[in-house]
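Report on the following structure.
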Amino acid sequence: MIKIYKWGEVPAEEIFARVSPTASVEGIVAEIIAEVIKNKDAALFAYAEKFDKVKLTALEVTQEEIERAYQNADKAFVAILEEAAENIRLFHQKQVKEGFTIKKADGVVIGQKVTALDKVGLYVPGGTASYPSTVLMDAIPAKIAGCKEIVMVTPPAKDGSVNPDILAAAKVAGVTRIFKVGGAQAVAALAYGTESVPKVDKIVGPGNAFVAEAKKQVFGKVDIDMIAGPSEILVLADGTNNPKHIAADLLSQAEHDKMASAVLVTDSECFATAVAEELERQIPLLSRCEIARTSIDNNGKIIVADNLLDAIEISNEIAPEHLELCLDNPFDYLDKIRHAGSIFMGKYCPEALGDYFAGPNHTLPTSGTAKFSSPLSVDDFVKKSQFCYYTKDGLEKVANKVSAFAMKEGLQAHAKSATVRFEKE
């Protein structure tokens with residue numbers, strides 16, 4: 001059963017403690033990456049046979065396979081995919097940034113230019129669950145940014161196929177190429193390239209502990225979005241809410257995996273008890289009840305604060321991936337929220353809206369990293385270069401100042417490069 005804490009009556013460390021994986025996969029992942037670097041496609045085929053239990057003859061999904069999956073997909077689901085994709089585009093198009101130019105006296109020009117990354121890699125999980133929503137969330141911002149090539153990797157099924165819903169989502173989102181590769185080996189292939197899989201500039205998307213560790217190890221060779229931890233939800237709700245609704249929202253994350261955490265912060269002890277009882281009623285009804293049970297028992301918490309302002313401060317300290325403000329007047333409190341990945345406002349905005357349909361991205365900072373990082377966005381798929389142009393007159397006016405600054409740092413050649421153009425021959 002979920003634990004209930006009264007704020008101020010138990011140590012803060014216990015309330016703010018986060019679950020973390022105990023098993024280290026660092027060595028295993030390092031071996032897999034080294035093997036892919038050395039043997040390229042041959043390693044990917046071997047790992048598919050070892051981990052995915054399938055003997056592949058080709059790694060790339062053909063355009064015919066993608067088109068067939070799209071045509072055979074449930075038409076009602078494709079319509080939902082299309083509508084969700086349009087919502088995601090509408091939101092992310094607002095994130096597009098232009099470069100700028102500043103013209104100063106004497107013909108001096110300074111500025112910044114924004115350039116899309118050439119190739120990006122999307123990791124889309126498979127295994128116990130497949131997520132076409134991840135395809136939309138990761139590919140659409142890349143497409144809007146102007147990336148020329150969007151390469152997707154995802155684990156194959158035991159018959160060598162890829163989940164057709166994922167392929168349909170890839171077509172809707174504009175993915176360029178798709179490969180039947182999963183796990184740390186997929187990350188290594190994207191980072192270093194093989195005969196089939198192209199090397200990319202950045203890798204984004206969630207995965208298991210092996211995928212997260214692989215992204216960590218290849219960072220520097222390529223860029224990555226983030227190191228994702230277990231999924232999290234924090235619901236901040238007062239006693240006027242329906243306990244049934246709040247319990248369902250908590251379970252929407254608890255069913256992800258046994259490491260997921262679901263937290264309720266409220267100002268009502270009676271409501272806290274009611275939600276705990278409602279969780280016990282709802283968990284046995286879930287198809288993934290064993291996962292949800294473990295998550296709630298091991299990582300779930302209800303924290304009872306004295307008032308809503310204290311509740312908000314508790315939330316800010318936790319810095320959750322998903323934050324629900326289940327209040328009648330949530331906009332009155334929005335400015336007080338400093339740390340959260342994505343914020344869901346009001347009593348009729350469950351976190352699942354953000355997972356699938358509303359438009360804001362669902363690839364979010366976890367494990368408290370919302371204190372310093374942001375959701376996936378168009379910004380993740382561009383880079384910025386700065387430029388400056390000086391005329392002869394412009395440089396002559398400041399050359400001695402640049403030289404003096406350089407000499408303060410003991411860099412004589414720097415100083416000379418600023419003044420040499422004005423020395424008499």
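Predicted model only: the values in this text are computed from it and were never measured.
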Problem - Leu136 vs Tyr356, side-chain contact (heavy atoms from CB on, under 4.5 Å): CA-CA, chis, key distance, verdict - result: CA-CA 9 Å; Leu136 301 183; Tyr356 303 115; over 6 Å; no
Exercise for the section: Taking Glu232 for its side chain and Glu321 for its backbone only, find out whether a donor-acceptor pair lies under 3.5 Å. Expected result: yes
Problem - Side-chain H-bond candidate by donor/acceptor type, Asp41 with Ser196, under 3.5 Å - result: yes
Practice task
Can you measure from CD (Glu278) to CD1 (Ile2) and round to the nearest 0.5 angstrom?
Solution key: 12.5 Å
Practice task
Nearest 0.5 Å please: distance from the OG atom of Ser377 over to the NZ atom of Lys94.
Solution key: 15.5 Å
Problem - Side-chain heavy-atom pair Pro198, Lys119 within 4.5 angstrom cut-off - result: yes
Completion exercise
Looking only at heavy atoms, the pair that brings Ser342 and Leu364 closest together is CB-CD1, 3.7 Å
Practice task
Find out whether Gln253 and Asp355 are in side-chain contact, i.e. whether some heavy atom of one side chain is under 4.5 Å from a heavy atom of the other.
Solution key: yes
Problem - Side chain Glu213, main chain Val29, donor-acceptor under 3.5 Å - result: no
Exercise for the section: For the pair Gln282 (side chain) and Lys244 (backbone), establish whether a donor and an acceptor sit closer than 3.5 Å, ignoring hydrogens and angles. Expected result: yes
Handout entry: Pair Glu280 + Arg293, salt bridge at N-O below 4.0 Å
Key = yes
Practice task
Taking atom CD of Glu195 as the centre, report whether more than 12 heavy atoms of other residues, nucleotides or ligands fall under 6.0 Å from it.
Solution key: yes
Exercise for the section: For residues Tyr333 and Leu236, determine if any side-chain heavy atom of one lies less than 4.5 Å from a side-chain heavy atom of the other. Expected result: no
Handout entry: Residues Leu167, Tyr70; criterion side-chain contact (heavy atoms from CB on, under 4.5 Å); working and verdict
Key = CA-CA 7 Å; Leu167 295 182; Tyr70 181 79; over 6 Å; no
Problem - Flag, side chain of Asp267 to backbone of Asp238, donor-acceptor distance under 3.5 Å - result: no
Handout entry: Within 6.0 Å of CZ in Phe16, more than 12 heavy atoms from elsewhere
Key = yes
Problem - Side chain Ser295, main chain Ala260, donor-acceptor under 3.5 Å - result: yes
Practice task
Count the heavy atoms belonging to other residues, nucleotides or ligands that lie under 6.0 Å from CD of Glu290, then report whether that count exceeds 12.
Solution key: no
Handout entry: Which atom of His92 lies closest to which atom of Pro360, heavy atoms considered
Key = CE1-C, 4.3 Å
Exercise for the section: Heavy atoms only: give me the nearest Ile233-Leu250 pair and the separation to one decimal. Expected result: CG2-O, 4.0 Å
Handout entry: From CA spacing to verdict: salt bridge (charged side-chain N to carboxylate O under 4.0 Å, His left out), Glu35, Lys38
Key = CA-CA 5 Å; Glu35 184 67 18; Lys38 180 181 178 182; 5.7 Å; no
Exercise for the section: State whether a side-chain donor-acceptor pair under 3.5 Å links Lys103 with Thr101. Expected result: no
Problem - Member of Ile203, Leu122, Val36 meeting the side chain to side chain contact (heavy atoms under 4.5 Å, CB included) criterion with Leu190 - result: Ile203
Handout entry: Flag if over 12 foreign heavy atoms under 6.0 Å of NZ, Lys221
Key = no
Completion exercise
When Asn39, Val153, Leu59 are each screened for side chain to side chain contact (heavy atoms under 4.5 Å, CB included) with Leu44, the one that passes is Leu59
Practice task
Report yes if some heavy atom in the side chain of Pro164 is under 4.5 Å from a heavy atom in the side chain of Asn72; otherwise report no.
Solution key: no
Exercise for the section: Go through the side-chain N and O atoms of Gln63 and Glu67 and say whether any donor and acceptor fall under 3.5 Å apart. Expected result: no
Practice task
Measure across Ala58 and Phe45 and return the closest heavy-atom pair with its distance rounded to 0.1 Å.
Solution key: N-CE2, 3.9 Å
Practice task
Start with the C-alpha gap between Glu82 and Lys171, add the side-chain angles, then the distance that decides, and say whether salt bridge (charged side-chain N to carboxylate O under 4.0 Å, His left out) holds.
Solution key: CA-CA 10 Å; Glu82 296 279 9; Lys171 181 174 173 62; over 6 Å; no
Practice task
Assess whether atom OH of Tyr389 is packed by more than 12 heavy atoms of other residues, nucleotides or ligands within 6.0 Å.
Solution key: no
Handout entry: Full working for side-chain contact (heavy atoms from CB on, under 4.5 Å) between Lys97 and Asp379
Key = CA-CA 8 Å; Lys97 292 182 177 66; Asp379 288 343; 3.0 Å; yes
Exercise for the section: Mark yes or no for whether Arg89, through its side chain, and Ile140, through its backbone, hold a donor-acceptor pair below 3.5 Å. Expected result: no
Handout entry: Donor-acceptor pair, side chain of Glu255 and main chain of Arg288, under 3.5 angstrom
Key = no
Handout entry: Neighbour count above 12 (heavy atom, 6.0 Å) for Asn307 CG
Key = yes
Practice task
Indicate yes or no for a side-chain donor-acceptor contact from Asn329 to the backbone of Asp332 under 3.5 Å, with no hydrogens or angles considered.
Solution key: no
Problem - Spatial distance of atom CG (Asp223) from atom NZ (Lys215) [nearest 0.5 Å] - result: 10.0 Å
Practice task
May I ask you to decide if Ala340's main-chain N or O and Lys371's side chain share a donor-acceptor pair within less than 3.5 Å?
Solution key: no
Handout entry: pair Tyr131-Val135: side-chain heavy atoms closer than 4.5 Å
Key = no
Problem - Lys180/Glu65 salt bridge by N-O under 4.0 Å criterion - result: yes
Problem - Side-chain heavy atoms of Ile312 within contact of Ile337, under 4.5 Å - result: yes
Completion exercise
d(Ile166 CD1, Ile178 CD1) to nearest 0.5 Å is 9.0 Å
Handout entry: Heavy-atom side-chain proximity of Asn87 to Phe357 below 4.5 angstrom
Key = yes
Problem - Donor on one side chain, acceptor on other, Lys347 and Thr240, under 3.5 Å - result: yes
Handout entry: Member of Val120, Thr363, Asp138 meeting the side chain to side chain contact (heavy atoms under 4.5 Å, CB included) criterion with Asp225
Key = Thr363
Exercise for the section: Output the distance between atom CG (Asn163) and atom OG1 (Thr154), rounded to the nearest 0.5 Å. Expected result: 8.0 Å
Practice task
Could you check if a side-chain atom of Phe331 sits within less than 4.5 angstrom of a side-chain atom of Leu334, using non-hydrogen atoms only?
Solution key: yes
Exercise for the section: Report the C-alpha separation of Ser133 and His362 in whole Å, then their side-chain angles, then the decisive distance to 0.1 Å, and conclude whether the side-chain contact (heavy atoms from CB on, under 4.5 Å) test is met. Expected result: CA-CA 9 Å; Ser133 59; His362 81 190; 3.2 Å; yes
Handout entry: NZ/NE/NH1/NH2 to OD/OE distance under 4.0 Å, Asp306 and Lys6
Key = yes
Exercise for the section: Give a yes or no on whether a salt bridge exists between Arg338 and Glu313, defined as a side-chain N under 4.0 angstrom from a carboxylate O. Expected result: yes
Exercise for the section: Please confirm whether the backbone N or O of Ile32 pairs with a side-chain atom of Gln185, one donor and one acceptor, at under 3.5 Å? Expected result: no
Completion exercise
In short, Val402 meets Ala418 closest at the heavy-atom pair CG1-CB, 3.7 Å
Practice task
Give, for atom CZ of Phe344 and atom NE2 of His322, the distance between the pair rounded to the nearest 0.5 Å.
Solution key: 5.5 Å
Exercise for the section: Verify the neighbour count for atom CZ of Phe91: are there more than 12 heavy atoms of other residues, nucleotides or ligands below 6.0 Å? Expected result: yes
Handout entry: Phe210 atom CZ, over 12 foreign heavy atoms within 6.0 Å
Key = no
Practice task
Give the minimum heavy-atom separation between Lys143 and Gly174, together with the two atoms involved.
Solution key: NZ-O, 3.5 Å
